Each structure stands twice: as C-alpha cells, then as structure tokens.
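Each remark here refers to the structure printed beneath this line.
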Amino acid sequence: MKNVIRASLYKMFHDKALRICLVGTAIWALLVSVMLTWAADGEMGLSDPWLLAKYWRDFISYHSINIPLLTSVAVLLSAEYKDQSWRLWIAKGISQLSYYFTKLLCALTLVIMISFIAILTGAVFGVLALGMPMSGLFVLTMLKFFAGQCIAHMTVAVLGFTLVFLLRNGDIASCINMLLLVFGTMVLSKLEKAWELGEVLTGAWAFGQFEYATFGLGIDLMRLLVVFVSYLAVCSLIAFLIATHRDVS
C-alpha cells in the first residue's frame, strides 16, 4: 500500500497538469480579489474587522477555491481513465479498494495545495493592494481559517473524485463536477427544506461553510470534521458498492 501511495503522489506531483492547475488557482484567486475591489462601494478599508470578515466571506463565496478544486480533481484524476492506464494498476494485483484510497489521498492533497494557494493569493493582494493589517494574531487566525477551509472543501473533493471513480469518464465527470458547483447547494437546500432538516448539509457545504469558519472569531473544526467524515463514509460506501458489481478486466 505504501508503494502505491508513493507512486500515485509522485505521478501527480510530476504531472505538468498539476502545475497548470496551481498557477490557474493563483490567477483565478487574484481575479476574484480584483473583482471584489471593483465591486466595492468606495474604499474597502480592510483595517475594519467587519470589512475584513466581509472580504473573506465574499472571497470564498465567489468560488475562489471551488472552481479550481473541482476542475483540478476532474483533470488530474480522470486522466488515467481517459488513456485506460488505470487497468494496469488492477492488472498488477492492486485492488479497487487500494486504488480508490490512494487516489482519494491525491484528491485530499489537492485540497490542501489549492486552498493554500488561493488563500495566500487573497491575503497577499489584500496586504499589498488594500491595506489588510498584518500581526501575529492575524497570521494565527489565517492559519485557523486555512485549516477550516481545507476540511470544508474536502467534502467537495471526496464527492468530486467519487464521481470520477464511478463514471470512469473524464469528460462526463468534468461536466457533472461543474454542474455540482452550480446547482449543488441549491439542490441540497431544497431537499433539506422538504425534509425539514434545516441546514444540516448546506450549512457545512463548501459553498456556505464560512458560517462555521468566521474570520477572526475562531473555527468550529469539529463540526466541519464530522461533516467531512460523513461525506467520506457515504461516498466511499456508494463507490465500493457500485464498483464491486463492475467488470474491470
């Protein structure tokens, strides 16, 4: 298992597509920051705690992490299904369980890298262009904010990769991932209202998770962690049940 994980991570880190995805993440995050500046009515004044919190809420809600994350998951993790090289893994005696687990680790690694680059880009732009205050407390809060973002967005990565794994078609998976981005929150919200569940799912869905990672007020990491583990368990169970009934030879 260790060799399989090392091989998967090595392949991903040496893939040119990964560099393109990471650079694209920084560019997209910068565009989001610039767009927020243009949309602001007057000077943003991020020295004000309320305006600073609003900047980060808007930065996340404009899909600064979601779009590059779902795109990267679809591009990087569906490549093996496009060229059918994934069958070589199975032919070498690697079980579907091991394959799913190693690629899932790759997807979660992507979450950390993309979240870091997006948030760092937003912070650098805020400091250099908007006068965002810098202090030891600010850095500590940013680290907590980054941790919360990683956990929250892992739910999207798990669901996105599960779609890639089940469909085994890069183009279709990419389209469905983008549809998830556009309609995922809306559909879940409607279902929750119909079932009178409140906002159990959408409250921690990555498109609305800033409610549990309020900048400057701490992060409810345990709640986000529970939601992530729930997504991991449900998506993995569905994937395994369907995969066991498929012919992969």
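Note that the structure is predicted; figures quoted are calculated from it, not measured.
One finds the CG atom of Asn66 at 10.0 Å from the OG1 atom of Thr71 (value rounded to the nearest 0.5 Å). Taking NZ of Lys16 as the reference point, atom SG of Cys21 lies at 14.5 Å (rounded to 0.5 Å). Here Ile65 contributes atom CD1 and His153 contributes atom NE2; the two are 4.0 Å apart, rounded to the nearest 0.5 Å.
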Phe145 and Ile60: CA distance, side-chain angles, deciding distance, side chain to side chain contact (heavy atoms under 4.5 Å, CB included) verdict: CA-CA 11 Å; Phe145 184 68; Ile60 298 300; 4.0 Å; yes

Ile238 and Leu166: CA distance, side-chain angles, deciding distance, side chain to side chain contact (heavy atoms under 4.5 Å, CB included) verdict: CA-CA 9 Å; Ile238 293 173; Leu166 294 178; 4.1 Å; yes

Worked check of side chain to side chain contact (heavy atoms under 4.5 Å, CB included) between Met12 and Lys103: CA-CA 10 Å; Met12 184 180 73; Lys103 295 304 176 181; over 6 Å; no

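At least one donor-acceptor pair under 3.5 Å links the side chain of Thr37 to the backbone N or O of Ser33. Proximity of a side-chain donor or acceptor of Tyr55 to a complementary backbone N or O of Gly122 within less than 3.5 Å is detected.
Taken together through direct or relayed side-chain contacts under 4.5 Å among Ile, Leu, Val, Met, Phe, Trp and Tyr, Phe240 and Val164 form part of one hydrophobic cluster. In this structure, Leu9 is a member of the same hydrophobic cluster as Ile117, with clusters built from ILVMFWY side-chain heavy atoms closer than 4.5 Å. Ile27 and Leu18 fall within the same hydrophobic cluster, defined by Ile, Leu, Val, Met, Phe, Trp and Tyr side-chain heavy atoms under 4.5 Å apart, directly or through other members. When hydrophobic clusters are built by joining Ile, Leu, Val, Met, Phe, Trp and Tyr residues whose side-chain heavy atoms come closer than 4.5 Å, directly or via intermediates, Ile20 is not grouped with Val23. Under the 4.5 Å side-chain heavy-atom criterion for grouping Ile, Leu, Val, Met, Phe, Trp and Tyr, Trp38 is connected to Leu36 within one hydrophobic cluster.
Residue pairs meeting the ring-ring contact (aromatic ring centres under 6.0 Å, His included) criterion with at least one partner in residues 12-36, sequence neighbours excluded, are Tyr10-His14.
Applying the side chain to side chain contact (heavy atoms under 4.5 Å, CB included) test to Ala233 and every residue at least two apart in sequence or in another chain returns nothing. Partners of Leu105 under the side chain to side chain contact (heavy atoms under 4.5 Å, CB included) rule, at least two apart in sequence or in another chain, are Ile5, Phe101. In this structure Tyr100 satisfies the side chain to side chain donor-acceptor pair (under 3.5 Å) test together with Thr162, Ser236, sequence neighbours excluded. Scanning for ring pair (Phe, Tyr, Trp, His ring centres under 6.0 Å) contacts around Phe125 gives an empty result, with sequence neighbours left out. Listed by chain and number, the residues in a side chain to side chain contact (heavy atoms under 4.5 Å, CB included) with Val124 are Leu120, Leu128 (sequence neighbours excluded).
Scanning all heavy atoms of the two residues, the minimum distance from Ala118 to Ser64 falls at CB-O, 3.9 Å. Looking at every heavy atom in both residues, Cys235 comes nearest to Val158 through CB-CG1, 3.7 Å. When all heavy atoms of Met142 and Ile119 are compared, the pair lying nearest together is CE-CG2, 3.2 Å. Contact record, Thr121 with Ala26: CG2-O, 3.5 Å, taken as the closest heavy-atom pair. Across every non-hydrogen atom of Ala239 and Phe165, the tightest pair is CB-CD2, 3.9 Å. Annotation for Ala157 and Ala107: closest pair CB-O, 4.1 Å, computed over non-hydrogen atoms.
For the pair Arg6/Lys11, no side-chain contact is recorded, criterion being any heavy-atom separation below 4.5 Å from C-beta on. Here the side chains of Val32 and His63 are not in contact, with every heavy-atom distance at 4.5 Å or above.
The side chain to side chain contact (heavy atoms under 4.5 Å, CB included) test with Met154 singles out one residue from Val111, Leu104, Leu159, and that residue is Val111. A side chain to side chain contact (heavy atoms under 4.5 Å, CB included) with Phe161 is found for exactly one of Leu77, Leu76, Leu108, namely Leu77.
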